[in-house]
*Asks:* 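Have a look at this one.
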Amino acid sequence: MTGTLLQSQTVSIPPISVRAFVFDKKDSLLPLSTIILNKRTSTGQTSAPGVACLITGIKTDTFLVTSGGYEVRRICFADSITKESYTIRLALQIKTSNLTPVAIYPIKDLSQIQKERAAIGKAQTRQTVGIVDAASSPITYLYERFSRDGKSREAVAILENDDRKREILKELFRTYVRAGVIELEEDEFDSFINYLNIPEPFLRSATDFELATVIRQRYLQYRAAQQIHNRNQR
């Protein structure tokens, strides 16, 4: 009996807590709303922009960290020095798509986009079927695992809404590029969205003219900031 007790104490895995500060990989000053998930227990925590996430587990657990529009990072402390708590700063990268050179996007007219803008912020009702991989669809992955927890489900819905806002803005950018309002490549869209930081109420209710004017002004500032940055890098 004593031998069994000593053996169980030897193989026991110590509990840990993880405090994660998350930021954009290309802009360390850009705060992100974050979700961190313990893959073993399927429990998670969320944080407001610029606030650390705190989650508990054991040393061998794998933690998944993401934010709306960003890829998932996997963190494990199994090979680290044993401590009761860990504090990390984690850079997240914008989620990218593998586009073929002939990728063609249907251009929506402004009336269609306006209807989508007006619907931003409404409760999410999306349901998924089957197993969803965390790398290919992180927000959906987390949504399925938080489906029984109303508070966590609400937090994931916020990130889903952020993803939807990004897609609507990209539709607008494609329309504006065709009209000559702005000049952006597809791979610049996410970076410009981060810089734009447009308030959701304005995106939802602004007229087409008001929105185009603001995006044009911010675009000119964005290009000017890029030029200054490039000069400073020389």
*Asks:* Distance-only, no hydrogens or angles: does the R73 side chain make a donor-acceptor pair with backbone N or O of A91 under 3.5 Å?
*Replies:*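 Confirmed, R73 side chain pairs with A91 backbone.
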*Asks:* Looking at Q227 and A224, would you say the former's side chain and the latter's main chain have a donor-acceptor pair under 3.5 Å?
*Replies:*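 Absent.
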*Asks:* Show your reasoning for whether side-chain contact (heavy atoms from CB on, under 4.5 Å) applies to K25 and E71.
*Replies:* CA-CA 11 Å; K25 185 175 183 179; E71 295 178 345; over 6 Å; no
*Asks:* Roughly how far apart are N161 CG and R164 CZ, rounded to 0.5 Å?
*Replies:*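 The CZ atom of R164 is 5.5 Å from CG of N161, to the nearest 0.5 Å.
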*Asks:* Please confirm whether the backbone N or O of I58 pairs with a side-chain atom of D61, one donor and one acceptor, at under 3.5 Å?
*Replies:*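 Looks like yes, one N/O pair under 3.5 Å.
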*Asks:* Should L184 and Y176 count as side-chain neighbours, where that means a heavy-atom distance under 4.5 Å?
*Replies:* no
*Asks:* Between E186 and R174, does any side-chain N to carboxylate O distance fall below 4.0 Å?
*Replies:* yes
*Asks:* Below 30° counts as parallel, above 60° as perpendicular, anything between as tilted: where do the rings of F192 and F173 land?
*Replies:* tilted
*Asks:* Once you round to the nearest 0.5 Å, how far does CD of E84 lie from OG1 of T56?
*Replies:*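 One gets 13.0 Å once the value is rounded to the nearest 0.5 Å.
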*Asks:* Going from CG on L172 to CD on E116, what distance comes out if it is rounded to the nearest 0.5 angstrom?
*Replies:*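 Here the rounded value is 9.0 Å.
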*Asks:* Could you tell me if the side chain of F23 sits less than 4.5 Å from the side chain of L92, heavy atoms only?
*Replies:* no
*Asks:* Would a hydrophobic clustering, with Ile, Leu, Val, Met, Phe, Trp and Tyr connected at side-chain separations under 4.5 Å, put I193 with Y219?
*Replies:* yes
*Asks:* Membership question, hydrophobic clusters at under 4.5 Å side-chain separation (ILVMFWY): are V177 and I168 in the same one?
*Replies:* yes
*Asks:* Do V18 and I75 sit in one hydrophobic cluster, given that two such residues count as connected whenever their side-chain heavy atoms are within less than 4.5 Å of each other, even indirectly?
*Replies:*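 Cluster IDs for V18 and I75 match.
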*Asks:* Would you say L220 ends up clustered with V214 if hydrophobic residues are merged whenever their side chains have heavy atoms under 4.5 Å apart, either directly or through other cluster members?
*Replies:* yes
*Asks:* So does S80 get a backbone contact from the side chain of K59, meaning a donor-acceptor N/O pair under 3.5 Å?
*Replies:* yes
*Asks:* Please tell me if the side chains of Y222 and S191 come closer than 4.5 Å, counting only heavy atoms from C-beta onward.
*Replies:*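 Counting from C-beta outward, Y222 and S191 do come under 4.5 Å.
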*Asks:* Could you tell me the separation between the NZ atom of K39 and the SG atom of C76, rounded to the nearest 0.5 Å?
*Replies:*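 Output value for this atom pair is 10.5 Å.
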*Asks:* Is it true that R117 and E200 have a side-chain N and a carboxylate O under 4.0 angstrom from each other?
*Replies:* no
*Asks:* Side chains of K165 and L203: closer than 4.5 Å at any heavy-atom pair?
*Replies:*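 Heavy-atom side-chain distance check passes, below 4.5 Å.
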*Asks:* Within the side chain of Y86, is there an N or O that forms a donor-acceptor pair under 3.5 Å with the backbone of R19?
*Replies:* no
*Asks:* In Å, rounded to the nearest 0.5 Å, how long is the span from NZ of K83 to OG of S17?
*Replies:* 10.0 Å
*Asks:* Are D190 and R166 close enough for a salt bridge, meaning some N to O gap below 4.0 Å?
*Replies:* yes
*Asks:* Using a 4.5 Å cut-off on heavy atoms from C-beta on, say whether the side chain of F77 contacts that of I16.
*Replies:* yes
*Asks:* Contact between Q221 and R216 at the side-chain level, heavy atoms closer than 4.5 Å - yes or no?
*Replies:* no
*Asks:* Nearest 0.5 Å, what's the CG-CG distance between L211 and L169?
*Replies:* 7.5 Å
*Asks:* Applying side chain to side chain contact (heavy atoms under 4.5 Å, CB included) between I36 and each of L54, I55, L90, report the one that passes.
*Replies:*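 It is I55; the other options fail the test.
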*Asks:* When you measure from the centre of the six-membered ring of F63, is the NZ or CZ of R74 closer than 6.0 Å and no more than 45° off the axis?
*Replies:* no
